[in-house]
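Positions are given from 1 along the sequence. The figures here come from the full heavy-atom set of this structure, side chains too, leaving out hydrogens, waters and symmetry mates. Counting starts at 1 for both ligands and their atoms, in listed order.
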Amino acid sequence: MSDLILASTSSARRVLMDGLGVPYRTEAPNVDEQVPEDMPADEAVRMLAVRKARAVQERHPESWVLAADQLVEVGRDVLGKPQDRDAARAQLTRLLGNTHVIHTAVCLLGPGGHHSETLEDARLTFFAVPPEELERYLDTGEWEGCAGSYRVEGRGQALLQKLEGDRTNVQGLPMLSVVRLLRQAGFDLFARP
Ligand SMILES: Nc1nc2c(ncn2[C@H]2C[C@H](O)[C@@H](COP(=O)(O)OP(=O)(O)OP(=O)(O)O)O2)c(=O)[nH]1
């Protein structure tokens with residue numbers, strides 16, 4: 001198989017791909033992540049995952065390219081990555097004591113026009129915690145770079161009352177689906193180095 005590029009700047013996605021052990025390299029997609037205001041979250045993440053993958057594939061047409069995008073949906077609100085601590089506080093205030101859905105889209109492009117995608121949801125319910133506890137969680141800084149302002153594998157798990165779905169999906173890459181896409185595309189996931 002020709003080389004695999006993870007079209008991502010996300011450290012969380014790199015950690016998950018490192019765990020899989022398939023040789024890959026990373027390249028920043030460098031795309032505009034604006035989508036129409038009223039676009040449903042599941043359509044937005046799919047559009048952005050394809051946009052990221054295509055941007056990198058244009059630079060490397062002989063490579064395989066894997067990209068993803070994630071948004072949080074709670075009620076009618078769609079949340080991305082917070083810009084600052086105040087935005088993170090607002091996001092977590094919205095999530096605490098409620099159930100929200102994480103939508104993650106993954107797109108795999110390959111030579112010869114290969115195009116496969118997956119869209120995975122996970123449902124999470126958070127405990128309702130007092131403002132003082134929320135401030136202590138914000139102090140951890142886990143909110144930085146995370147859609148929804150928490151890390152499910154970090155101290156954020158102390159907020160988690162219930163999780164339905166693939167935990168790796170919450171972290172940024174639904175690895176059950178990533179493995180399926182790679183196997184369907186013909187990758188040998190235990191190839192000799
Ligand atoms: N470590 C960790 N990261 C999380 C968690 N929840 C969300 N994230 C991160 C994964 C992604 O980096 C980010 C979702 O935002 P995006 O899909 O826009 O990706 P991002 O812009 O970070 O990277 P990329 O577009 O792939 O270059 O949030 C979590 O529970 N743990």
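- Here the protein heavy atom with the shortest distance to atom 25 (O) of ligand 1 is Lys52 NZ, 2.6 Å.
- Here the side chains of His103 and Glu43 are not in contact, with every heavy-atom distance at 4.5 Å or above.
- In terms of modelled atom types and a separation under 3.5 Å, the side chain of Arg13 and the main chain of Gly172 share a donor-acceptor contact.
- Looking at ligand 1, you'll find an N or O of Ala147 within less than 3.5 Å of one of its N or O atoms.
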>> Would Arg51 and Glu33 count as a salt bridge (Lys or Arg N to Asp or Glu O under 4.0 Å) here? Give the steps.
In response: CA-CA 9 Å; Arg51 188 183 296 174; Glu33 296 202 26; over 6 Å; no
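- Of the possible polar contacts, one joining the Glu142 side chain to the Arg155 backbone as a donor-acceptor pair under 3.5 Å is found.
- In terms of polar-atom proximity, defined here as any N/O pair under 3.5 Å, Val152 does make such a contact with ligand 1.
- In this structure, Ala44 and Leu71 approach most closely via the heavy-atom pair CB-CD1, 3.8 Å.
- The residues Arg85 and Asp139 are annotated as salt-bridged, a charged nitrogen and a carboxylate oxygen being separated by less than 4.0 angstrom.
- Among all non-hydrogen protein atoms, the one lying nearest atom 14 (C) of ligand 1 is Gln70 OE1, 3.7 Å.
- In terms of modelled atom types and a separation under 3.5 Å, the side chain of Lys52 and the main chain of Ser8 share no donor-acceptor contact.
- The contact set between ligand 1 and Tyr150, taken as ligand atoms under 4.0 Å from a residue heavy atom, comprises 5 (C), 6 (N), 29 (C), 30 (O).
- At under 3.5 Å, a nitrogen or oxygen of Val170, whether backbone or side chain, sits near a nitrogen or oxygen of ligand 1.
- For atom 22 (O) of ligand 1, the closest non-hydrogen atom on the protein side is Lys81 NZ, 3.5 Å.
- Between Arg167 and Glu153 no salt bridge is recorded (no basic side-chain N to carboxylate O distance below 4.0 Å).
- For ligand 1, the atoms sitting less than 4.0 Å from at least one non-hydrogen atom of Glu153 are 1 (N), 2 (C), 29 (C), 30 (O), 31 (N), numbered in the order shown with element in parentheses.
- At a 4.0 Å cut-off, at least one heavy atom of Glu33 sits close enough to ligand 1 to count as contact.
- Taking a cut-off of under 4.0 Å to the non-hydrogen atoms of Ala12, the atoms of ligand 1 that pass are 1 (N), 2 (C), 3 (N).
- In this structure, of Gly172, Ala7, Gly145, Ser10, the residue bringing a heavy atom nearest to atom 13 (C) of ligand 1 is Gly145.
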